[in-house]
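See structure below.
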Amino acid sequence: MHRARNTKSKRAGGARRDARTPRRARHDRFDLGSLNAPQLEAVLHDDGPMLVLAGAGSGKTRVIIYRITRLVRDGVPPGQILGVTFTNKAAREMRERLTELAGPRGAEVHLSTFHALGLRIIREEREAAGLRAGFCIYDTGDQLSLVRDMMRQTRVADRRLDPGRVLEMILSAKRGRLAGVEVDHEGDEYDVAAAELYPRYVAQMRAFNAIDFDDLILRAQDVLAQPLVRERWQARFSYMLVDEYQDTSPDQLTLLRALAGAKRNICVVGDDDQSIYGWRGAAAGNILSFGKAFPGTREIILDQNYRSTQYILQAANAVIQNNAVRKAKRLWSAGGDGEAVEVVACGTGDDEAAFVVDRIQQLLYEGARADEIAILYRANVQSRAFEELLALERVPFRVVGGQAFFERKEVRDAIAYLAVAQNPLDEVALRRIVNSPPRGIGLTSLERLVQHGENTRKGLWAALVQAGSVDGLSVSAVAGAAQLVGVLAPRARRLRAAAAGELSRQCQELFDQLGLRDAILTADDAPGISAKRLENLDEVVRSIEMFERQSPAALLLAEYLRSSALTQLPGEDGEDRQARVTLMTLHAAKGLEFRYVFLVGIEEDALPHRKTLEEGGDLAEERRLCYVGMTRARERLWITWARRRLRYGRLQERAASRFIAELPVGAGVTTHEHDTSGVSEEEQDQMAQDFFSRMRDRLGIDD
DNA sequence: AGGCTCTCTCTTTTT
DNA sequence: GAGAGAGCCT
């Protein structure tokens with residue numbers, strides 16, 4: 001095995017990269033000879049369950065694509081193959097690479113997210129799933145609105161309880177298919193509130209003909225519990241492949257088992273060391289006990305890494321091996337050692353930002369592209385200091401994630417109008433739009449209408465239709481209701497029946513008639529803002545057009561609404577040709593790779609996050625997060641922390657993360673100080689060395 | 001109904 | 001220190 005030189009020129013680095021990243025090659029040609037032994041074994045495996053433990057950068061996706069292509073080449077009808085991913089993005093990527101490798105037949109393979117798969121089953125088995133036609137899907141925002149409304153209405157919890165937390169409790173009871181929420185501690189307001197609201201939540205969802213994201217999995221599971229239905233679906237898919245298996249929940253596993261049936265041709269691919277979504281229901285245990293769920297499982301380990309240098313892998317391995325419960329594997333690479341991983345102790349948060357931005361500028365000066373560089377952190381707030389300095393220094397950058405997407409009120413409103421047109425029982429949507437744009441129906445009037453709707457058992461929409469006979473409404477409210485009903489009712493039927501080609505036009509007309517554009521223009525936002533919001537509104541109509549073009553004609557509106565709940569509308573800067581430095585959370589970075597990576601703010605309370613430590617959370621998951629971050633780096637990795645940091649408005653003393661102490665300093669990892677507050681270099685070095693020997697002592701690690 | 005001030009908290013996030 | 005949300009005031 002040749003050892004690439006560590007220090008030499010960019011050219012060497014470039015050539016080496018080409019040689020060892022065949023999986024990213026532009027035109028991947030089907031060539032079994034390009035696979036390593038375990039990869040080949042996974043691709044050639046015939047029938048029966050298989051678990052592929054794919055370490056970071058081990059060519060995981062490529063194995064999936066190759067396996068599918070191989071099955072198709074061996075005569076399996078592509079329509080009989082089901083590939084399941086977690087995100088739309090992953091599904092899209094897989095589709096592209098598959099069509100490239102397998103040709104047009106690759107397009108016939110079913111690739112979908114878990115939730116889209118659930119929806120498909122529920123849609124086709126709607127009655128068995130206990131739903132009426134035109135049912136709608138509630139996203140997290142809708143769920144929260146519902147919980148807030150319920151809290152207001154029942155008064156059970158009108159004090160300052162966090163609706164999100166109440167919702168979380170309701171959902172976890174629902175996931176566990178419990179009859180109710182248990183009141184563990186007599187006095188606990190949250191227990192009491194959740195116990196009271198749980199049955200109401202279920203009843204409301206039923207009344208609104210709505211299901212939430214969890215229901216997509218749970219109801220599909222219910223439907224498949226019926227033998228005839230199950231057999232039908234089992235017959236449809238003869239081979240299943242599941243990506244990112246470490247992120248599956250127990251419910252998803254149940255669904256998979258039902259689909260796999262007696263054939264058990266199920267291949268799951270994942271990495272227990274990259275399980276970082278335990279907090280949202282993923283069961284890392286799924287991957288560890290896959291062999292129990294499917295006896296006779298063939299287990300394959302992909303531990304050859306094609307991404308990072310030896311030093312980076314050694315450092316990452318050293319950290320992750322401190323996790324007690326994991327599948328033993330150790331990433332290795334045929335590449336060279338590369339440059340040492342640098343741990344940088346900074347004086348303050350400002351020093352840290354200065355160091356990172358300075359290094360970035362140096363890299364750019366040496367010819368690196370900005371999009372080969374990433375700054376990764378635990379929590380979104382940590383991006384601030386880096387954003388500011390990068391902006392000041394005019395280094396192009398983009399911040400991934402945050403919220404932004406969510407709060408496009410005008411988009412949500414427009415969609416809510418369509419949702420009501422489709423399903424007048426959808427009261428979350430109806431409440432949202434009833435007074436937006438303003439029609440004189442304030443909170444008091446709305447509550448009266450809701451009450452009337454409940455009393456008559458006909459719902460809010462019916463109450464609006466007969467607003468004239470509802471007690472205690474103001475004249476303006478009655479007029480407002482009449483106006484809303486007058487516009488929406490006659491259009492609703494035509495919208496529901498609209499075929500491809502007319503739906504988008506009709507929506508546009510509806511929006512105009514409702515005065516959505518005017519409302520945006522009248523609102524006294526800054527001119528730039530209202531222009532943006534108008535654009536967003538147009539974007540809605542455009543997305544409907546897109547949908548019309550690629551969908552079969554029947555029930556277009558209902559399908560559009562459901563699919564828009566499952567796929568985020570495209571962000572603003574989809575196509576951006578300029579190379580930019582990427583700033584994002586460690587979570588968001590999973591699955592990506594960069595030539596140069598800065599892991600910043602690696603301090604106690606931040607990387608093992610305070611909350612995890614306090615709330616008896618999962619320290620191992622924090623360590624995996626660190627591992628995920630480190631393994632994003634191809635060539636160079638910096639890990640930085642600050643001794644003092646301005647937080648919550650005050651200067652805080654900080655300690656390096658315990659994960660830093662787990663690094664093999666001296667063996668491909670170097671440390672140094674970056675403190676501008678006037679300490680001499682010798683002192684700084686001494687401090688760093690002292691720090692590490694103290695840390696090692698404390699943790700009982702040999703030098 | 002809307003705007004203002006006070007108070008509280010301060011992960012991660014896809015579907 | 002900053003943003004969100006509740007409550008109070010006009």
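Chain naming here is simple, since letters A, B, ... match the order of the sequence lines and numbering starts at 1 in each.
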**OP:** Select base, sugar-phosphate, or nothing to describe what L117(A) touches, counting heavy atoms under 4.0 Å on all strands.
**Re:** nothing
Identify all pairs in which a protein N or O lies below 3.5 Å from an N or O of nucleotides 9-11 of chain B, and state each distance.
unit_1, atom_1, unit_2, atom_2, d
dC10(B), OP1, K611(A), NZ, 2.8

Original post:
Any salt bridge between D273(A) and R623(A), counting N to O under 4.0 Å?
Top reply: no
Subject >> Residue-phosphate contact under 4.0 Å: T585(A) side-chain N/O, dT13(B) OP1/OP2 >> reply: yes
Original post:
Taking for each residue the nucleotide of DNA chain B with the nearest heavy atom, is it P438(A) or H115(A) whose nucleotide lies nearer the 5' end?
Top reply: P438(A)
**OP:** Starting at atom CG of L216(A), determine the distance to atom C1' of dT14(B), rounded to an integer number of angstrom.
**Re:** 12 Å
Original post:
Over how many whole Å does the gap from I121(A) atom CD1 to dT15(B) atom P extend?
Top reply: 18 Å
Original post:
Thinking salt bridges, do E593(A) and R632(A) make one under a 4.0 Å N-O criterion?
Top reply: no
**OP:** For the pair F114(A) and F86(A), name the ring-plane relationship: parallel under 30°, tilted 30 to 60°, perpendicular over 60°.
**Re:** tilted
**OP:** Indicate yes or no: does E447(A) engage R431(A) in a salt bridge with an N to O separation below 4.0 Å.
**Re:** yes
Subject >> Where DNA chain B forms stems, i.e. three or more consecutive Watson-Crick or G-U pairs with both distances under 3.5 Å >> reply: B:1-10 with C:1-10
Subject >> Whole-Å distance separating the CG atom of D243(A) from the P atom of dT15(B) >> reply: 13 Å
Original post:
Sequence neighbours excluded, which residues qualify as ring-ring contact (aromatic ring centres under 6.0 Å, His included) partners of Y277(A)?
Top reply: W279(A), H587(A)
Subject >> Pairing of R219(A) and D214(A) as salt bridge, 4.0 angstrom limit >> reply: no
**OP:** Output yes when R645(A) and D350(A) qualify as a salt bridge under the 4.0 Å nitrogen-oxygen rule, no when they do not.
**Re:** no
Original post:
Considering only dT14(B), dG5(C), dT12(B), which nucleotide approaches the side chain of H587(A) most closely?
Top reply: dT12(B)
Subject >> Length of the line joining Y377(A):OH and dT13(B):C1', which is rounded to integer Å >> reply: 14 Å
**OP:** For R92(A) and dT14(B), give me the distance from atom CZ to atom P, rounded to whole Å.
**Re:** 12 Å
Original post:
Atom CG of D142(A) and atom C1' of dT15(B): how far apart are they, to the nearest Å?
Top reply: 13 Å
Subject >> Residue R177(A) excluded, over 12 heavy atoms near CZ under 6.0 Å >> reply: yes
Original post:
Which is true for F213(A) with a 4.0 Å heavy-atom rule: it touches a base, it touches only sugar-phosphate, or it touches nothing?
Top reply: base
Original post:
Choosing from dT13(B), dT15(B), dG3(C), which nucleotide comes nearest the side chain of L566(A)?
Top reply: dT15(B)
**OP:** Kindly say whether V540(A) contributes a backbone atom to a donor-acceptor pair with the side chain of S543(A) at under 3.5 angstrom?
**Re:** yes
Subject >> Atom-pair distance (CG on D247(A); P on dT15(B)), nearest Å >> reply: 12 Å
Original post:
Should dT9(B) be called syn or anti, with syn set as within 90° of 0?
Top reply: anti
**OP:** Using the C1' atom on both, measure dA6(C) against dT11(B) and round to a whole Å.
**Re:** 24 Å
**OP:** Taking only the side-chain nitrogens and oxygens of N88(A), find out if one of them lies under 4.0 Å from OP1 or OP2 of dT14(B).
**Re:** no
Original post:
Going by the angle between their ring planes, with limits at 30° and 60°, are F213(A) and H115(A) parallel, tilted or perpendicular?
Top reply: perpendicular
**OP:** Take atom CD of Q382(A) and atom P of dA2(C), then tell me their distance rounded to the nearest Å.
**Re:** 17 Å
